[in-house]
2 protein chains.
Amino acid sequence: MASATTPKRNGKRQSATRTSHEANILRVAEEVFAQLGYNGASIDMIADRAGMSKQNMLYYFPSKEVLYRRVLENILNLWLEKMQLLEHSGEEPAQMLRNYILGKIEISRQYPNGSKVFAHEIISGAPFLSDFLRDNLVPQLEADAKLVRGWIKQGKMDPVDPMHLFFTIWAATQTYADFSRQIEIALNKDSLSARDFEKAGDFLTHMVLKGLGISL
Amino acid sequence: MASATTPKRNGKRQSATRTSHEANILRVAEEVFAQLGYNGASIDMIADRAGMSKQNMLYYFPSKEVLYRRVLENILNLWLEKMQLLEHSGEEPAQMLRNYILGKIEISRQYPNGSKVFAHEIISGAPFLSDFLRDNLVPQLEADAKLVRGWIKQGKMDPVDPMHLFFTIWAATQTYADFSRQIEIALNKDSLSARDFEKAGDFLTHMVLKGLGISL
DNA sequence: GTCTATAAGGGGATAGAC
DNA sequence: GTCTATCCCCTTATAGAC
């Protein structure tokens, strides 16, 4: 097999089967790590669900840790990308915060497994991610906090601690991915619908904007 | 060893060494399960940190699963107990919600490991807890939601969806336990102080009460 | 109650044929 | 690229002596 080749991010060429197999493995791995965490997941189970032998999967990803890091990396790049887009979405606090909250809820809806892998990792003390968070998330957060402090100085919103504002928005939006099982049980449903996420967004934007004293 | 005996919840008598050893094992187990989840934790590591051999620990808890269930059970009983106390704390919405939020933050401060074990369990799809949540948490939640709907009918607060209100309060308060590592990194600290929890409480109570249109 | 010994299986990872 | 075979460690759990 393998004669067609396709360019890749590092510039090297590689077979089309490698590209599609890697994508498939990463998708399955995300699912399994989300459910069982790094330690609970076995590469055997991931290979099984990806439709290949463990040995064959290890041909594509040389170790469990490498695979896990790739899964984490993919999620975080997606998040950072979406968060930067939100920065430039509007001018007024109301519109920007609204976009930020609804954007994060949408990510929870579309990528619940990625969010869960991230959550397991952080709860476990971020053994793989501490450095990455310091280097990438914190600068972004500090830029966002600075923006909020500016709004406060201009009298556009109540003088709250911007850090705790973001901790709350993160928690309240990601809970619809991470704690989806609990929410399903509370709402007596098998799975959350688009309408549920819409309601969550309505509630959160109302409470946050009004709670910060931002006029709509 | 073991001649002094002491009564226990099930009425049977047992040695004092059993009582103290069990308590010690449960405390350590909570710590290890919090960090590594059910699958990642090994009874060997728990026994080690508890200062005894694995075989000896298995004398007190016949299996890993039994030990894990006991840890979960302890946490949940504590939570339900505290949540019921909050129900009777005041009369007016402002005071009751304030107590509820500050009470949950205080639990995050005092029992971060319990919260983390619970979080791992829910993110993993609640394999051990689904039934318990349905039987215990949901009735309590529905009673609380009914109370909120009453306040709305009386015009005491904005007409929001009570379910999403509670999801948000749970997420925003538990994040200071579950995601403490991320928050520490964001605030550039080794650990969260009592003052940090106080600030979190100030922010949340302000935003939630004002955001719901509840006069202070 | 605590110890040594060991069963029985799963886990990640490698070697080498095809 | 994929397969069979295998190594070796770690894990849960039990048996039985003291």
Output, in order, the C-alpha distance, side-chain angles, deciding distance and verdict of side-chain contact (heavy atoms from CB on, under 4.5 Å) for Asn113(A) and Phe33(A).
-> CA-CA 8 Å; Asn113(A) 287 328; Phe33(A) 283 129; over 6 Å; no

Note: contacts of residues 55-68 of chain A with DNA chain D (heavy atom, under 4.0 Å) are Gln55(A), Asn56(A), Tyr59(A), Tyr60(A)

Which donor-acceptor pairs under 3.5 Å do the side chains of residues 167-174 of chain A make with protein atoms, sequence neighbours left out?
from: Thr168(A); atom 1: OG1; to: His164(A); atom 2: O; distance (Å): 3.1
from: Trp170(A); atom 1: NE1; to: Tyr100(A); atom 2: OH; distance (Å): 2.9
from: Thr173(A); atom 1: OG1; to: Ile169(A); atom 2: O; distance (Å): 2.7
from: Thr173(A); atom 1: OG1; to: Trp170(A); atom 2: O; distance (Å): 3.1
from: Gln174(A); atom 1: OE1; to: Lys104(A); atom 2: NZ; distance (Å): 2.5

State which of dC3(D), dG12(C), dT2(C) makes the closest approach to the side chain of His21(B).
-> dT2(C)

Under 3.5 Å, sequence neighbours excluded: what are the donor-acceptor pairs made by side chains of residues 51-64 of chain A?
from: Ser53(A); atom 1: OG; to: Asn56(A); atom 2: N; distance (Å): 3.0
from: Tyr60(A); atom 1: OH; to: His21(A); atom 2: ND1; distance (Å): 3.1
from: Ser63(A); atom 1: OG; to: Glu65(A); atom 2: N; distance (Å): 3.4
from: Ser63(A); atom 1: OG; to: Val66(A); atom 2: N; distance (Å): 3.2
from: Lys64(A); atom 1: NZ; to: Tyr38(A); atom 2: O; distance (Å): 2.8
from: Lys64(A); atom 1: NZ; to: Ala41(A); atom 2: O; distance (Å): 2.7

Send over the distance from [X] [atom1] to [N] [atom2], rounded to a whole Å.
X        : N       : atom1 : atom2 : result
Asp44(A) : dC3(D)  : CG    : P     : 13 Å
Leu36(A) : dG12(C) : CG    : P     : 11 Å
Asn39(A) : dC10(D) : CG    : P     : 14 Å
Ile43(B) : dA13(D) : CD1   : C1'   : 7 Å
Met52(A) : dC3(D)  : CE    : P     : 9 Å

Flag for Ser193(B)-Asp196(B): side-chain donor and acceptor within less than 3.5 Å | yes

Tell me yes or no: between the side chains of Glu31(B) and Gln35(B), is some donor less than 3.5 Å from an acceptor?
-> no

Across the strands shown, which category fits Ala47(A) at heavy-atom distances under 4.0 angstrom: base, sugar-phosphate, nothing?
-> nothing

Given the side-chain rings of Trp79(B) and Phe118(B), with only the six-membered ring counted for Trp, is the space between their centroids under 6.0 Å?
-> yes

Short side-chain N/O contact to dT2(D) OP1/OP2 from Ser53(A), under 4.0 Å | no

More 5' along DNA chain D: Ala41(B) or Lys54(A), using each one's nearest nucleotide?
-> Lys54(A)

